[in-house]
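See structure below.
Each residue takes its place number in the sequence, starting with 1.
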Amino acid sequence: MHRNRIVWLTTLAFAAVLAFTAQNRARAQQSGAAAATSVGIFENHGDIGTVLHPGSVEYDTAKRSYMISGSGENMWFGSDAFQFVWKKISSDMALTADISFSGRGVNEHRKAVLMFRQSLDADSAYADVALHGSGLTSLQYREEKGAGTHETQVNVSAPKRLRIEKRGAYFSLWLTDEKGEFQLASGSMRIALKEPFYVGLGVCSHDKDVVEKAVFSNVELKAEQSAAAAATTLYSTLEIITVASTDRRAIYVAPERFEAPNWMPDGKNLIFNRNGRIEKIPVTGGTPQVLDTGFATRCNNDHGISPDGTQLVISDQSQGEHRSLVYIAPIGGGAPQRITQKSPSYWHGWSPDGKTLVFVGERNGDFDIYAIPMAGGEEKQLTTAKGLDDGPEYSPDGKYIYFNSERTGHMQIWRMRTDGGEQEQITFGEDNDWFPHLSPDGQQMVFVTYDASVKGHPENKDVMLRMMTLKDKKITVLAKLFGGQGTMNVPSWSPDGKQFAFVSYQLVPKEAGTGRVP
């Protein structure tokens, strides 16, 4: 009995040691603490998530370069698996490096990343600049712990030198052009990481049975100046979002303001306004082309295209009292024809049959919604409620006009019959909802949402792009960005209803993004 008791106690002790060892091993793997010594400018490194083959890091002091070996099935969906070398920080920073893969690789989706990460958990919130083995370059992000991963792709393949910048809750992707100068390449993307968080370099093989290597050279980690404390440059980014995935693609970036994209009926081009003119650009990116609008050289962001794709409608203030009037011009260019006689008038919608325009007009100090025949004639007032009514747009079946109204005390989405009857509220939240746009099949509505504290629709604010499924009134958030006025004022759905276009903005300190390759 005594001997059996000793054996039993010994077995319990051994089991406890095994449990303690397994617990520590799991904790070490979860924390990424596979190494206890610093690596260059970073504090530590280790595998994040579950990997079959442990990763490693080799640091070359002279070249400031890191050879990182990493395995892992993926860095996507709700969890990640990769090798990470990191430093814990509590401030805005910019991480820059030249990145190159070693060897041809097994999977074209292998990734080398510059990353900001909330924790070392596999499902942590994060933002990274990811260079794929195929050359695809994107700003990837997981907004919160356990959420799905999304990305904003850029129009440049396999850039040599990359940078991720964090300013407050916003992250951006920069890369060098053919002259070695840094250029902003992505739109604004908002993730609220709590201090402290991690910054570092990572490699994922995208194949659990494979180890891939990437070299990060000329690595720099520098503190960033707050945009609020410096002279800034406004950057605009024309973006396309895919509704099914909410992934984004940056089409065109410029260090100035442009606004309000429309998707042309051919599905191949977008138009937008800049400096009083209307410009066209392929949806694949490229150099914008200024359209001929004759004397109309002070066009604002209320413009669109006829249902048959042959005519352009603009709101221009270059004539008379220099207050906005609605005009129609040939889509290929030509002299505009005046439609509204009273000003100011701001176009927003075209009836599906092509016969009627709806617009916002200020008359006797009140902004209301009006309709007018496309051929011209008398305007008809459709709303009379106290408070601003704005953003009218026809439903694709031609039965309703959707609009935003502040008649309840703050801005919400409404709809009415095309004669102004049966006005009913559609959104009921505490925030301010603007500019409803109906999908081509009439099943979904996207709109811009401001915080409850924001009055009007000003520029340079934190906003959301949200979508309502009209059948069940369910609302989902598609994107969080810096924008507002100019982001999505007018119809911008693709003809197939799978995507829509918008503009995001960034205020960047003038000295940011400068510098050539060392």
Side-chain angles (χ1 to χ4, degrees), residues 125 141-148 150 168-170 187-194 228 241 243 246 248 260 301 346 348-349 360 366-369 383-393 395 400-416 422-439 443-493 500 502-505 507:
Y141 56 96
R142 181 181 294 124
E143 289 190 64
E144 56 187 27
K145 184 178 176 64
H150 302 284
Y170 284 98
S188 60
M189 183 271 298
R190 187 168 83 241
I191 295 178
L193 296 183
K194 298 179 181 179
I241 188 168
V243 172
T246 71
R248 294 154 58 176
N301 54 34
Y346 306 90
H348 275 275
V360 177
D366 289 327
F367 284 91
D368 283 298
I369 295 171
T383 63
T384 59
K386 292 297 182 182
L388 174 64
D389 294 324
D390 203 347
E393 183 174 312
S395 60
Y400 293 96
I401 295 172
Y402 285 75
F403 62 101
N404 49 277
S405 175
E406 63 178 3
R407 64 187 67 182
T408 61
H410 65 287
M411 196 62 74
Q412 297 284 266
I413 306 300
W414 287 66
R415 77 173 184 179
M416 59 185 168
E422 300 180 22
Q423 297 185 17
E424 59 176 327
Q425 190 172 348
I426 302 298
T427 63
F428 294 86
E430 295 300 319
D431 293 328
N432 293 298
D433 299 327
W434 284 80
F435 304 131
H437 304 304
L438 282 295
S439 60
Q443 301 299 307
Q444 298 164 314
M445 175 182 72
V446 297
F447 51 97
V448 179
T449 297
Y450 287 88
D451 182 81
S453 64
V454 178
K455 300 299 182 184
H457 58 101
E459 60 189 36
N460 300 339
K461 294 291 184 180
D462 292 338
V463 299
M464 295 185 289
L465 301 184
R466 301 201 295 166
M467 183 177 71
M468 173 184 282
T469 304
L470 293 177
K471 184 177 181 180
D472 59 10
K473 301 297 189 292
K474 181 181 179 180
I475 296 177
T476 56
V477 177
L478 300 181
K480 297 177 181 179
L481 53 100
F482 191 67
Q485 171 73 307
T487 288
M488 198 175 64
N489 296 56
V490 288
S492 57
W493 280 88
F500 65 86
F502 65 95
V503 179
S504 62
Y505 300 94
L507 291 173

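- In this structure, the separation between CG on Asn301 and CE on Met488 is 12.5 Å, given to the nearest 0.5 Å.
- A salt bridge links Asp433 with Arg466; the closest basic N to acidic carboxylate O contact falls under 4.0 Å.
- Using a 4.5 Å heavy-atom cutoff, the side chains of Thr469 and Met445 are not in contact.
- Here the side chains of Phe500 and Leu478 are in contact, with some heavy-atom distance below 4.5 Å.
- Residues Thr408 and His410 are in side-chain contact: their nearest non-hydrogen atoms beyond the backbone lie under 4.5 Å apart.
- With hydrogens and angles left out, the side-chain atoms of Arg407 and Gln412 include no donor and acceptor closer than 3.5 Å.
- Between Glu143 and Lys480 there is a salt bridge, with a side-chain nitrogen of the basic residue lying less than 4.0 Å from a carboxylate oxygen of the acidic one.
- Counting heavy atoms from C-beta outward, Leu388 and Ser405 have side chains that stay 4.5 Å or more apart.
- A distance of 10.5 Å separates CD in Glu393 from CD1 in Ile401, rounded to the nearest 0.5 Å.
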Only distances under 3.5 Å count here; give the side-chain donor-acceptor pairs of residues 452-461 to other protein atoms, sequence neighbours excluded, each with its distance to 0.1 Å.
from   : atom 1 : to     : atom 2 : distance (Å)
Ser453 : OG     : Asp451 : OD2    : 2.6
His457 : ND1    : Gln485 : OE1    : 3.1
Asn460 : OD1    : Arg257 : NH2    : 3.2

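- Rounding to the nearest 0.5 Å places OH of Tyr505 at 5.5 Å from OG1 of Thr487.
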* Walk me through it: do Phe482 and Tyr170 pass the test side-chain contact (heavy atoms from CB on, under 4.5 Å)? => CA-CA 8 Å; Phe482 191 67; Tyr170 284 98; 3.6 Å; yes
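- With rounding to the nearest 0.5 Å, the separation of CG in Asp389 from CD in Glu406 is 8.0 Å.
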* To do: Starting from the C-alpha separation in whole Å, work towards a yes-or-no answer on side-chain contact (heavy atoms from CB on, under 4.5 Å) for Tyr450 and Trp434.
  => CA-CA 8 Å; Tyr450 287 88; Trp434 284 80; 3.6 Å; yes
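- With values rounded to the nearest 0.5 angstrom, Phe502 atom CZ is found 9.5 Å from Ser492 atom OG.
- Phe367 and Tyr346 have tilted rings, their planes meeting at an angle from 30° to 60° on a 0 to 90° scale.
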